[in-house]
Amino acid sequence: MNQQTDRPGTGLSRRTLLRNLGILAGTSRFAALPFLLGENSTALPTFEEVPPSLSGITWTHKAGKSAAKHLPETSGAGCAFLDYDNDGWMDIYLVNSGKADFYDPPRPLRNALYHNNRDGSFTDVTERAGVGGGGYGMGVAVGDYDGDGLPDIYVTQFGSNILYHNNGDGTFTDVTAKAGVAAAGWSSSAVWFDYDNDGRLDLFVGQFAEFDAALSCGTDAAGVHHYCIPRIFKPRPSRLFHNNGDGTFTDVSKETGIATQLGKAWGVVATDINNDGNMDLFVSNDTVQNFLYLNRGGRFEEVGFEADVAYSADGRARSGMGVDSADFDNDGWMDLFVANIDEEIFALYRNQHDGSFENVSMPAGIGMLTRWLSGWGLKFFDYDNDGDLDLILSNGFPDDLIDQTSATVTWKEPLLLFHREGKGYRNVSAQSGPVFSKRFAARGLAIGDFNNDGAVDVLVSNNDAAPLLLRNNAGHRNHWLGIRLVGRKCNRDAVGARVTYQAGDLTRQRMKVAGGSFLSSQDPRLVLGIGIRPKLDWLEVKWPRPSGATERFANLPIDRYVTLVEGTGKWT
């Protein structure tokens with residue numbers, strides 16, 4: 001058979017067939033994909049850049065850069081995968097800057113919502129949907145806060161944030177004032193999670209520094225301004241809003257202990273580090289210590305120092321940016337990851353089961369490879385569906401003039417892809433496609449399966465540039481099951497659910513965390529890799545409280561998506 005065709009008589013290139021097969025994803029017919037692709041599927045790059053001419057995504061981020069070098073210019077922005085119209089296909093949301101007290105764009109700027117056309121392309125529906133923003137945007141958090149089955153959008157900004165309620169007809173309504181979640185200041189990453197286990201999603205909003213546009217960091221010897229190190233700005237308390245169940249929220253930052261800590265928050269992930277069923281928060285801070293908020297049943301205790309995740313090994317506060325949490329070593333306990341600026345080395349924290357963590361970045365093979373990089377968006381995910389969690393990092397130095405003053409650090413930096421092997425990770429970036437040889441001023445990063453083929457794709461937002469959409473070609477080489485969890489007694493998004501599954505000799509556990517990365521929101525579905533094993537024996541879901549029940553599902557298919565609804569014991 002000619003290597004350029006897939007089956008005699010089709011006349012289709014292997015690449016064309018792969019794209020067309022995306023239309024069949026999520027059906028039983030898609031189980032035939034590994035056979036159709038054959039061994040030559042390895043000829044495709046692991047990740048392939050989808051150009052605007054194919055994706056239809058022509059929107060570009062505008063930072064509003066100025067000679068004054070205001071720090072927000074270099075800090076954004078975020079991106080999201082979401083299924084806003086519940087058609088089973090991931091759409092895309094992109095955040096832009098806009099008018100602020102230090103920036104007045106010559107032409108109005110807007111965020112962008114792109115509808116998935118189910119053929120690998122997207123259509124801009126921002127105007128009809130009414131989600132264009134209206135301030136200097138930073139990040140996005142997606143969650144069904146009112147439990148109506150429709151994902152809502154929360155946009156963080158410099159100034160005041162926006163909550164868009166999903167109307168269910170392709171449009172959204174700005175309900176910020178009614179909901180009471182504007183959270184004035186400089187907001188960064190936000191996360192929807194149920195901190196008190198009442199079955200409703202609450203909202204954590206990270207707050208960055210007390211930025212003052214009139215405050216100057218000075219100039220270099222040539223009289224040129226550079227972006228400030230955030231050390232000169234005062235820290236702020238982050239915010240926690242309790243969901244009242246009637247479309248409104250109450251600020252509970254003080255009484256829950258969140259506001260007792262002053263930080264410069266960049267990233268946040270909601271996870272459960274001690275397996276007690278309460279969602280904790282890991283918050284990365286810039287130039288002050290990181291926070292680990294341990295949930296004591298609705299009140300938070302900051303234990304970052306005791307847990308050994310607050311400072312570097314020599315006791316210094318670092319420039320924490322992107323974060324995530326996952327059980328990377330498959331021991332049943334959630335671990336942590338935080339990316340820092342160059343020379344500080346990114347930290348992979350292994351959970352020691354006693355409330356403390358060990359930084360294993362160096363022995364795991366990640367430490368030295370990140371020494372000269374500055375990390376923002378990042379996620380754990382199983383890109384090749386072999387059952388182990390891999391890691392992708394998006395990077396870029398904050399100062400766009402660094403190339404003029406440094407021989408080792410650059411403004412634009414490469415993406416990094418790590419494959420889980422043995423007790424650590426192997427850098428497979430060089431073998432994973434031409435996109436990894438390029439450099440970007442990357443910031444936000446989201447993962448999501450936009451063509452429903454079970455191979456989780458990647459979306460990267462670049463500062464003052466076009467976004468990057470990466471199609472995953474490696475996931476097709478193994479079997480998988482995609483699951484959409486729907487809570488009934490617990491929160492509708494089932495944030496905090498734990499999924500355990502077995503396929504032959506493979507047993508794995510995954511937790512549905514919330515947030516993670518940087519300024520971005522992820523595909524809410526979980527893709528469970530099972531490698532070359534021909535079937536999945538069973539799957540259990542431990543639903544979050546208030547029920548906390550465990551359900552077992554059997555006779556599940558593979559190589560497709562299914563929906564699991566709490567309390568039914570059935571899949572659809």
Side-chain angles (χ1 to χ4, degrees), residues 72 75-78 80 93 95 100 111 133-145 152-165 174-196 200-211 235-244 247-271 279-286 288 290-293 295 300 302 320-323 444 491 493 495 513-521:
S75 302
Y93 191 75
V95 180
N111 304 339
Y136 199 96
M138 295 298 298
V140 53
V142 178
D144 181 6
Y145 75 86
D152 308 297
I153 300 174
Y154 187 72
V155 181
T156 62
Q157 302 190 134
F158 176 89
S160 182
N161 304 332
I162 304 172
L163 176 59
Y164 289 114
H165 176 262
D174 182 342
V175 295
T176 313
K178 174 189 174 183
V181 292
W186 182 355
S187 297
S188 53
S189 294
V191 60
W192 294 100
F193 76 120
D194 183 7
Y195 81 90
D196 57 351
R200 298 189 294 266
L201 288 178
D202 310 298
L203 178 65
F204 174 90
V205 182
Q207 289 276 303
F208 197 61
E210 294 280 2
F211 176 73
R236 290 176 54 87
S238 289
R239 310 284 288 275
L240 179 63
F241 295 94
H242 177 262
N243 190 333
N244 299 324
T248 69
F249 292 77
T250 299
D251 188 336
V252 293
S253 309
K254 292 182 180 179
E255 50 265 52
T256 56
I258 294 295
T260 61
Q261 307 297 322
L262 299 181
K264 301 175 186 178
W266 271 144
V268 59
V269 61
T271 183
M279 296 298 286
D280 311 303
L281 293 170
F282 181 51
V283 180
S284 62
N285 286 303
D286 199 337
V288 300
N290 298 324
F291 298 150
L292 180 57
Y293 288 105
N295 189 337
F300 291 88
E302 203 289 294
M321 295 182 286
V323 298
N491 66 88
D493 291 353
V495 170
V513 302
S517 192
F518 175 76
L519 304 178
S520 300
S521 198

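These values consider heavy atoms only, across backbone and side chains, with no hydrogens, waters or symmetry-generated copies.
Evaluation of the salt bridge (charged side-chain N to carboxylate O under 4.0 Å, His left out) rule for Glu255 yields no partner, not counting sequence neighbours. Partners of Asp144 according to the salt bridge (charged side-chain N to carboxylate O under 4.0 Å, His left out) rule, which considers only residues two or more places apart in sequence or in another chain, do not exist here. Contacts of Phe282 classified as ring-ring contact (aromatic ring centres under 6.0 Å, His included), with partners at least two apart in sequence or in another chain: none.
For Asp493 against Gly143, the heavy-atom pair with the smallest separation is OD2-CA, 3.4 Å. Gly76 approaches Leu519 most closely through the heavy-atom pair CA-CD1, 4.0 Å. Contact record, Val288 with Gly263: CG2-CA, 3.9 Å, taken as the closest heavy-atom pair. Counting all heavy atoms, side chain and backbone alike, Ala100 lies closest to Tyr136 at CB-CB, 3.9 Å. Heavy atoms only, all atoms of each residue included: Gln157 and Ile162 are closest at OE1-CD1, 3.8 Å. Heavy-atom minimum distance, Ile258 versus Tyr293: O-OH, 3.2 Å.
Phe204 CZ to Phe241 CZ: the interatomic distance, rounded to the nearest 0.5 Å, is 10.5 Å. For the atom pair CG of Leu203 and CG of Asn243, the computed distance is 9.5 Å after rounding to the nearest 0.5 Å. Here CG of Asp202 is found 9.0 Å from CG of Asn244. Values are rounded to the nearest 0.5 Å. The distance from atom CZ of Arg236 to atom CG of Leu262, rounded to the nearest 0.5 Å, is 9.5 Å. Taken from NE2 in His242 to CG in Asp194, the straight-line distance is 8.0 Å, to the nearest 0.5 Å.
Counting only heavy atoms from C-beta outward, the side chains of Phe300 and Leu240 approach each other to under 4.5 Å. Residues Ser75 and Met138 form a side-chain contact, since some pair of their non-hydrogen atoms from C-beta on lies under 4.5 Å apart.
Below 30°, between 30° and 60°, or above 60°: for Tyr195 and Phe193 the angle between ring planes is between 30° and 60°, a tilted geometry. Taking the six-membered ring where tryptophan is involved, the planes of Phe158 and Phe211 are perpendicular, since the angle between them exceeds 60° and thus also 30°.
Counting only distance, with no hydrogens or angles, the side chain of Thr256 and the backbone of Val252 share a donor-acceptor pair below 3.5 Å. Formation of a donor-acceptor pair under 3.5 Å by the Asp152 side chain with backbone atoms of Tyr145 is found in this model. Not a single donor-acceptor pair under 3.5 Å links the side chain of Ser284 to the backbone N or O of Asn290. Between the Thr156 side chain and the Gly139 main chain, a donor and an acceptor come within less than 3.5 Å of each other. Here the side chain of Ser188 pairs a donor or acceptor atom with the backbone of Ala265 at under 3.5 angstrom. Within the 3.5 Å criterion, the main-chain N or O of Asp286 finds no donor-acceptor partner in the side chain of Trp266. Looking at Ser520, its side chain never comes within 3.5 Å of a backbone N or O of Gly78 through a donor-acceptor pair.
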Assess whether side-chain contact (heavy atoms from CB on, under 4.5 Å) is satisfied between Thr260 and Glu302, documenting all intermediate values.
CA-CA 9 Å; Thr260 61; Glu302 203 289 294; 5.9 Å; no

Evaluate side chain to side chain donor-acceptor pair (under 3.5 Å) for Tyr93 paired with Asn111, printing each intermediate quantity in order.
CA-CA 7 Å; Tyr93 191 75; Asn111 304 339; 3.0 Å; yes

Could you go through Gln207 and Ser238, starting from their C-alpha distance and side-chain angles, then the distance that decides it, and tell me whether this counts as side chain to side chain donor-acceptor pair (under 3.5 Å)?
CA-CA 5 Å; Gln207 289 276 303; Ser238 289; over 6 Å; no

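When each of Val140, Thr176, Val205, Val191 is checked for a side-chain contact (heavy atoms from CB on, under 4.5 Å) with Tyr154, only Val205 meets the rule.
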